[in-house]
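Side chains included, hydrogens not; waters and symmetry mates left out as well; all remaining heavy atoms used.
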Amino acid sequence: MTKHIFVTGGVVSSLGKGITAASLAMLLKHRGYRVAMQKLDPYINVDPGTMSPYQHGEVYVTDDGAETDLDLGHYERFAGVVCSQASNYTTGRIYSNVITREREGGYLGGTVQVIPHITDEIKKAVASLDSPDNDITITEIGGTAGDIESLPFLEAIRQFYHGAGANNSLFIHLTLVPYIKAAGEMKTKPSQQSVGILRNIGIVPDILICRTEKPMQDEHFAKLALFCNVNKEFVIEERDVENSIYEVPIELARQEVDLKILNQLHLEPRELDITDWENMVARIINHEKSVVTIAVVGKYISLRDAYKSIYEALDHAGINNDSKINILMIEAEELEAAEGCELISKADGILVPGGFGDRGIPGKLKAIKYARENNIPFLGICLGMQCAVIEFARNVLGCEDANSTEFDENSAYPVIDLMHSQKNVTNKGGTMRLGAYPCALSPDTNAAEAYDNASDISERHRHRFEFNNDYREAIEGKGLKIVGTSPDGKLVEMVELTGHPWFVACQFHPEFKSRPLKPHPLFNNFIKAALKK
């Protein structure tokens with residue numbers, strides 16, 4: 001029988017529920033348990049696929065093509081779990097399922113209500129990960145205790161907990177214990193009130209994890225235990241880490257949180273060995289490092305979470321190369337407006353990430369031209385690859401008006417275009433290439449070398465427009481080689497520039513498959529090349 005852990009948050013948002021849940025999953029997996037994870041989000045969008053990155057950060061994509069919350073990136077990076085369509089449900093998706101069933105007569109003429117129909121659909125979503133191959137499911141509830149939109153989810157997990165029976169599920173509440181500088185004190189009252197909100201709807205946390213800047217004293221543990229009705233040994237301190245978020249699992253292991261979870265779920269406390277993880281964190285903290293400066297030229301730079309997986313993948317490559325990554329976050333529009341390229345002149349490498357829409361495109365093209373002409377290592381991702389093709393066509397091939405039909409439908413040289421089968425589809429989601437697709441690599445290329453000379457790989461996509469095959473011969477003839485394609489050769493997946501130290505661009509999103517213990521090959525070799533500059 002699959003056991004269930006529910007993670008809720010209180011007092012304020014952005015406490016780090018996703019990192020905490022992922023850290024617990026990592027520890028439980030290192031104890032030999034099979035763990036699945038999911039996020040329940042209270043917003044009404046069916047998924048974050050159509051949301052601006054400024055609203056919700058990056059859209060994380062799974063192998064099976066789900067467009068999901070960025071916390072699923074933490075799940076996969078920390079715990080190595082494989083996320084899927086069943087790993088992220090929103091209010092919109094839940095209500096859409098219920099309304100569709102109602103329209104089809106699935107409720108036999110009955111009145112459809114939040115309880116039991118919406119809550120039953122949420123419980124069905126939670127149970128969707130139950131499997132003989134899964135020992136424990138960790139479900140994170142988005143939002144903060146007290147939010148009106150979270151109530152159906154909290155009611156659903158209360159019912160699920162009750163129905164699962166003793167020792168088959170537990171509640172973990174992540175809360176904030178703030179330090180009030182003027183008073184010189186840490187305050188437990190916000191946590192008490194947050195737990196009180198949950199108790200009012202029938203949820204009593206089994207474990208309380210307290211985010212804090214300062215070390216908690218015994219009096220704080222005692223007070224929280226007494227007034228939150230949690231055993232003192234289950235009040236856990238989660239202090240801000242000094243060097244890296246990858247320290248969080250080690251800190252939780254030090255307090256034996258995973259062992260306490262297993263005891264409450266009546267599961268065998270198998271031996272924990274996180275030596276590989278500790279060694280990785282030691283490399284971050286202790287090793288003498290070179291410093292490499294990478295300019296990330298994007299459209300959503302003002303919100304760090306918009307490129308969360310990009311920054312993490314750069315850090316993973318830095319760890320593997322014993323190098324500290326200094327990221328220059330460059331707004332493409334600022335670079336566009338600048339006289340020259342002074343903003344990126346100190347970069348050892350330039351990365352242009354994905355995105356949608358024409359805002360900032362001239363700045364991205366300017367960065368790519370600078371990297372190409374000055375032999376700066378370059379990595380283009382998704383729209384970054386498309387911009388590399390546009391820049392090359394304009395400035396090397398001589399097609400001054402080359403463009404993507406995403407930006408100019410009447411371009412004289414549409415080097416990036418929709419595939420013919422997509423052009424009459426009015427639903428934008430229907431034209432997206434989402435999830436894992438295979439790619440065949442050309443031998444004796446930087447791309448193939450990055451993948452240890454593999455001939456076939458699989459990578460995750462999230463895009464609508466493609467390289468226009470009508471320009472293949474002309475572009476390759478001038479030196480921008482196609483080095484990765486779909487197995488049938490029809491879709492261009494990767495290009496690289498001949499005669500350049502390292503200029504590689506890909507249509508897919510390699511950042512989604514990078515892990516701290518196993519950096520993505522393209523990021524790893526990109527940083528290697530930048531270190532040689």
* Tell me, please, which residues at least two apart from Ala156 pass side chain to side chain contact (heavy atoms under 4.5 Å, CB included). => Thr119, Ile122, Lys123
* Mind checking side chain to side chain contact (heavy atoms under 4.5 Å, CB included) for Leu226 and listing every partner two or more places apart, or none if nothing turns up? =>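 So Leu226 forms no side chain to side chain contact (heavy atoms under 4.5 Å, CB included) with any residue.
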Between [X] and [Y], is the ring centroid distance below 6.0 Å?
X      : Y      : value
His4   : Phe160 : yes
Tyr60  : His509 : no
Tyr161 : Phe6   : no

* Which is it for Asn524 and Asn320 under the side chain to side chain donor-acceptor pair (under 3.5 Å) test, yes or no, and what are the steps along the way? -> CA-CA 7 Å; Asn524 193 57; Asn320 196 58; 2.9 Å; yes
Could you pull out the closest heavy-atom pair between [X] and [Y], with the gap in Å?
X      : Y      : value
Phe465 : Gln386 : O-NE2, 3.0 Å
Val292 : Ile527 : CG1-CG2, 4.3 Å
Val81  : Val35  : CG1-O, 3.4 Å
Tyr246 : Val281 : O-CG2, 3.4 Å
Thr111 : His117 : O-CE1, 3.1 Å
Gly435 : Val61  : N-CG1, 3.8 Å

Could you tell me whether the side chain of [X] and the main chain of [Y] form a donor-acceptor pair under 3.5 Å?
X      : Y      : answer
Asn134 : Asp130 : no
Lys299 : Phe356 : yes
Ser514 : Glu511 : no
Glu406 : Gly357 : yes
Asp47  : Gly49  : yes
Asn97  : Ile94  : no
Arg199 : Val204 : no
Asp273 : Thr275 : yes
Gln255 : Leu252 : no
Ser194 : Pro190 : no

Does a side-chain N-to-carboxylate-O contact under 4.0 Å join [X] and [Y]?
X      : Y      : value
Arg359 : Glu333 : yes
Glu67  : Arg462 : yes
Asp41  : Arg93  : no
Arg283 : Asp322 : yes
Asp71  : Lys17  : no
Lys223 : Glu219 : no
Glu155 : Arg158 : yes
Glu76  : Arg515 : yes

* side-chain contact (heavy atoms from CB on, under 4.5 Å) partner of Ile261, chosen from Ile138, Ile136, Ile207, Asp206 ->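 Single pass found, and it is Ile207.
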Answer yes if the side chains of [X] and [Y] hold a donor-acceptor pair under 3.5 Å, and no otherwise.
X      : Y      : value
Asn88  : Lys39  : no
Thr62  : Asp64  : yes
Ser309 : Glu58  : yes
Arg304 : Tyr311 : no
Thr20  : Glu238 : yes

Got [X] and [Y] here, is their nearest side-chain heavy-atom distance under 4.5 Å?
X      : Y      : value
Met216 : Arg239 : no
Ile157 : Ile141 : yes
Thr175 : Ile209 : no
Val297 : Leu335 : yes
Lys513 : Glu459 : yes

* Decide side chain to side chain contact (heavy atoms under 4.5 Å, CB included) for Leu262 and Glu268; before the verdict, give the C-alpha distance in whole Å, the side-chain angles of both, and the deciding distance to 0.1 Å. => CA-CA 7 Å; Leu262 293 174; Glu268 178 188 352; over 6 Å; no
* To do: May I ask you to decide if the ring planes of His30 and Trp277 are parallel, tilted or perpendicular, using 30° and 60° as cut-offs?
  =>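 Correct class here is perpendicular.
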* To do: Can you label the angle between the His461 ring and the Phe508 ring as parallel, tilted or perpendicular, going by 30° and 60°?
  =>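 Perpendicular, since the angle between the ring planes exceeds 60°.
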* To do: May I ask you to check if Arg433 and Tyr437 form a cation-pi contact, with NZ or CZ under 6.0 angstrom from the six-membered ring centre and within 45° of the axis?
  =>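 Yes, Arg433 sits over the ring of Tyr437.
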* To do: For Phe153, enumerate each residue passing the ring-ring contact (aromatic ring centres under 6.0 Å, His included) test, keeping only those at least two apart in sequence or located in another chain.
  => none
* CA sep, side-chain torsions, deciding dist, call: Leu379, Ile294, side chain to side chain contact (heavy atoms under 4.5 Å, CB included) -> CA-CA 10 Å; Leu379 176 59; Ile294 302 298; over 6 Å; no
* List the steps, then state whether side chain to side chain contact (heavy atoms under 4.5 Å, CB included) holds for Tyr179 with Thr212. => CA-CA 8 Å; Tyr179 175 76; Thr212 173; over 6 Å; no
* **Of Arg270, Arg31, Lys29, the residue whose pairing with Asp258 passes salt bridge (charged side-chain N to carboxylate O under 4.0 Å, His left out)** => Arg31
* Is the number of heavy atoms from other residues, nucleotides or ligands within 6.0 Å of CD (Glu213) greater than 12? ->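 Atom CD in Glu213 is not packed in, count stays at 12 or less.
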* **Arg103, CZ atom: more than 12 neighbouring heavy atoms under 6.0 Å** => no
* Once you round to the nearest 0.5 Å, how far does CD1 of Ile19 lie from CD1 of Ile245? ->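 Atom-to-atom, Ile19:CD1 and Ile245:CD1 are 4.0 Å apart.
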* Criterion side chain to side chain contact (heavy atoms under 4.5 Å, CB included) on Ser169 and Ile5, from CA distance to verdict -> CA-CA 6 Å; Ser169 61; Ile5 299 170; over 6 Å; no
* To do: For the pair Tyr54 and Tyr300, evaluate ring pair (Phe, Tyr, Trp, His ring centres under 6.0 Å) and give the outcome as yes or no after the intermediate values.
  => CA-CA 7 Å; Tyr54 289 127; Tyr300 314 109; 5.5 Å; yes
* Could you walk me through whether Glu121 and Arg101 pass salt bridge (charged side-chain N to carboxylate O under 4.0 Å, His left out), step by step? => CA-CA 11 Å; Glu121 188 68 21; Arg101 190 175 301 120; 2.9 Å; yes
